[in-house]
Chemist: 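Attaching a single structure in structure tokens format; questions to follow.
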Amino acid sequence: MSAQEMEKLKEALLDLNKAGVLEVVSATATTADLQAAKLAVEAIAGALQVVGKRFQEGEWFLDELVYSGEIAKQAMEKLSPILCDETQPTQGCVVIGTVFGDLHDLGKDIFINFATSAGFKVIDLGVNVSVEAFTKAVLEHQPVALGISCLLTPAAGGIPQVIQDLVEKGVRESLKIIVGGAALTEKFSLEVGADAFAPDAVTGTDIIRAWSEGQ
Amino acid sequence: MPQFVQVTLAPSNQTIQVPYGADLKEVLHRFGVEFPCGGRGRCGACRIKVIQGVLPLSQACASILSKEEIDAGWRFACRHRAEQDITFELGQREAPVLTEHGAFHVEARDGTAVVIDLGTTTLVAQLLDLQSGHVLAVETALNPQAVHGADLMTRVDYGLRASGREQLTQSIREKLGELIHGLIALAPSTMDPPGSVLLAGNTVMHHLFCGLDLSPLSQPPFESSQLAARQFTARELGWELPYDPEVAFLPCLGGFVGSDILAGILATQMHDSEELIGFVDLGTNGEIAIGNRHGIFCTSTAAGPAFEAGGIEMGMRAATGAIVEVEKDQEKEVLCHVLGGGQAQGVCGSGLVDAVATGLDLGFISPSGRLRNDHRPFHLKDAVSITQHDIRQLQLAKGAIAAGISILLKEANAGPSDLSAFYLAGAFGNYVKSESARRVGLLPFSQEQIQSAGNTSLHGLKTVIFSETRPDFDPVLEKVRHVSLASDGEFQETFIKKTSFPENERLKD
């Protein structure tokens, strides 16, 4: 894949031209050229960084954010047969879930899309996740970071319980905790012992990237 | 020219002093009078009959009212100002009619009754004459619980704390007791005190008023086993009223769908309609129902306060100085209508929807909601503008409602054009222009389908109060199915798409 083709792929994604993106990656996939596929992945990741920036600057909104993530996901699926053994995430592992008492997964799912594109291996625990399930997943996967989502005010009290259990099991020190969702504020998040508050999925991805690269 | 004039409402003889030249619409709004067309002199719902004093005939009245009506003293309140002492009757209280589809059958009985719309934000109580069906008095107040959280879930959270629920229960009972005493004081002394009190509200309001355990409403699956109608005596609630009337709260339909939706169904007569109809009550929460006599689907969705201009930088309620209407003229200049006619001080919910619709038409706002001019605020009038953030807030609110409607239509196996009518309830629903609501993608219905319905909670309560026998709600409840959006994966996808404006078609494959 030439620099020009990479630029074309990136532009198609930033134009939200799904057919254009899938055409380029399908052509790449048929050549079974591992190097080209890697470059395509690089172009997609680069485009998604621009998407994130546009979102943070207010240029784009949820619809474009989610749709671009969706296109990227489909493109990656086309490329995955060639990449097979090369899909080792470059950034380590993140465990994420929506705290018990809450069933919302919209923000969490956008975050997963962006974190995956940024090279993280993401373990999604789903919604209404218990204290025990969070701790079990942390012990099992030893992630760089744990993400907890919460959109309902009455469920927010579950977050300190999750953190407390991690302290008691002696694993709190070895990982970073990031929380986000409409029911939370930065002040609350830091008071209950989280390391960071994510105002949106894109900023959240930036934060865990900085953590991962800082290690 | 006097500085103040007296406005008196017959037959209750409530008198208020207002500044000379005050807009009668704003004066009467305080008495609970509704203006379905937004005070544009079109619908005639704010008819008043002058008994003492003179109101010069306005053009709108001359073109719509008959000669007999004009001679009898009928005028439209919204087209006049108070320029001398005046006494009049309110047409709206004489004929409590919702729409041409929903006139009440009043089974004449002795005595009076009170109906109360117990809203998350606003409380409205009316004293009714059971003989004539007239509204004798209206009292409104803010819900005193709102200091413990404007939105429902924050309120629930407070109610889960030690003594939190008792506090919330006590404060709402006390406030409503005050309103009822206020109604009795306003009523003509010849009228009997109320023999019964009937309330409607969402499920959280129901549980808090009745003093029930809130915890089932705070966690999945957000259902409660205590949804039934509840009866009290006034004394049990701490109300010292003559004859100790019975107080009843209508039954809830589900955890997030309360008797406000039941009242809306009764008001629009959806449960008896052969044709498919729908309604939405646009407040902090959007309550939506679509159906007919064969089945009704309903849901509620958290829209946030944008429709009430909450969280909007220059947002304000529809009062003097608020931009209530925005349109463009032929030269593509932006025209704003300011309530009271003076300097614009802010924008209300209907003005915000109008402004965004106009901004889209003029190309100032992109189909994705971006302000094209380098994110600089969209200037409306005087010092009032709307910002990028305001547009995003509206996109989230309208996305939630539009997605809710889309999911219910799908459940009903229907398209937007299959509905014979779609009713807009609530204050915002009264003021918003249907073409703007359609333009921003809030409602997928045509202007002919969209109709203002006023306060459907009160209308629904009145259908119960005025009916001959105590109605049996079970046949209605059996028709209703609650669609939970929280656990609906399709809702989230639809919501995201609906945050965009309609022409963003490329994203809708």
Side-chain angles (χ1 to χ4, degrees), chain A residues 12 14-22 51 54-71 74 98-110 112-113 126-130 149-159 181-185 188 199-201, chain B residues 148-161 204 214-222 302 304 366-372 374-375 387-389 391-396 399-400 403 441 484-489 491-501 504 506-509:
Chain A
L14 290 175
D15 281 341
L16 299 174
N17 175 359
K18 184 167 149 186
V21 170
L22 295 183
V51 168
R54 285 184 183 176
F55 177 76
Q56 284 170 325
E57 289 172 354
E59 174 126 4
W60 275 13
F61 200 44
L62 287 172
D63 198 3
E64 289 102 337
L65 185 71
V66 171
Y67 191 63
S68 58
E70 182 59 37
I71 298 173
Q74 290 188 25
T98 299
V99 73
F100 58 94
D102 191 352
L103 303 174
H104 290 84
D105 53 11
L106 188 58
K108 172 178 73 66
D109 289 351
I110 300 174
I112 291 171
N113 232 331
V127 298
N128 203 12
V129 180
S130 66
S149 174
C150 177
L151 276 89
L152 289 180
T153 310
I159 293 176
L184 310 177
T185 60
F188 173 88
D200 60 71
Chain B
H148 302 299
D151 68 285
L152 274 182
M153 288 319 276
T154 311
R155 199 87 55 93
V156 168
D157 190 44
Y158 187 83
L160 292 174
R161 297 185 202 171
V204 174
L214 280 181
S215 52
L217 298 176
S218 72
Q219 60 208 22
F222 304 103
S366 80
S368 72
R370 183 171 59 86
L371 271 167
R372 281 223 167 91
D374 220 11
H375 300 294
T387 65
Q388 184 68 71
H389 175 259
I391 298 170
R392 299 307 190 197
Q393 292 305 109
L394 180 69
Q395 286 180 270
L396 292 173
S484 169
L485 300 179
S487 50
D488 188 330
F491 172 73
Q492 308 209 343
E493 200 177 305
T494 313
F495 164 66
I496 290 290
K497 284 187 181 170
K498 298 285 183 187
T499 58
S500 265
F501 293 110
N504 232 5
R506 62 179 179 164
L507 301 183
K508 301 201 173 129
D509 54 324

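Each chain gets a letter, A, B and so on, in the order its sequence line appears, and its residues count up from 1.
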Chemist: When you compare the side chain of B:Tyr158 with that of A:Thr153, does any pair of heavy atoms fall below 4.5 Å?
Modeler: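 SC-SC contact between A:Thr153 and B:Tyr158 ruled out.
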
Chemist: Answer with side chain, backbone, both or neither: which region of A:Leu106 has an atom nearer than 4.5 Å to a non-hydrogen atom of chain B?
Modeler: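 Answer is both: backbone and side chain atoms of A:Leu106 are under 4.5 Å from chain B.
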
Chemist: Is there side-chain contact between A:Pro154 and B:Met153, with at least one heavy-atom pair below 4.5 Å?
Modeler: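 They are in side-chain contact.
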
Chemist: Hey, could you give me the CG/CG distance between B:Leu485 and A:Leu103, rounded to the nearest 0.5 Å?
Modeler: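 Taking CG in B:Leu485 and CG in A:Leu103, the distance rounds to 12.0 Å.
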
Chemist: Between A:Glu70 and chain B, which part of the residue has a heavy atom less than 4.5 Å away: side chain, backbone, both or neither?
Modeler: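 Neither the backbone nor the side chain of A:Glu70 comes within 4.5 Å of chain B.
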
Chemist: Hey, what do you get for CG (B:Leu371) to CD (A:Glu59), rounding to the nearest 0.5 Å?
Modeler: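 It is 11.5 Å, given to the nearest 0.5 Å.
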
Chemist: Relative to chain A, which of B:Glu493, B:Arg370, B:Arg392, B:Gln492 shows the most heavy atom pairs under 4.5 Å?
Modeler: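 Answer, by heavy-atom pair count under 4.5 Å with chain A: B:Arg392.
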
Chemist: Please flag which part of A:Asn17 lies under 4.5 Å from any non-hydrogen atom of chain B: side chain, backbone, both or neither.
Modeler: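 No part of A:Asn17 comes within 4.5 Å of chain B.
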
Chemist: Quick one: are A:Leu62 and B:Leu396 in side-chain contact, heavy atoms under 4.5 Å?
Modeler: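 With C-beta onward as the side chain, the pair touches.
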
Chemist: So do the side chains of A:Phe61 and B:Ile496 get within less than 4.5 Å of each other, counting heavy atoms only?
Modeler: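 Answer no - side chains too far apart.
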
Chemist: With the side chain counted from C-beta on, respond yes when B:Ser368 and A:Asp63 share a heavy-atom pair under 4.5 Å apart, and no when they do not.
Modeler: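 No, too far: nothing below the 4.5 Å cut-off.
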
Chemist: Enter the distance from B:Leu152:CG to A:Leu152:CG here, rounded to the nearest 0.5 Å.
Modeler: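 The distance works out to 11.0 Å.
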
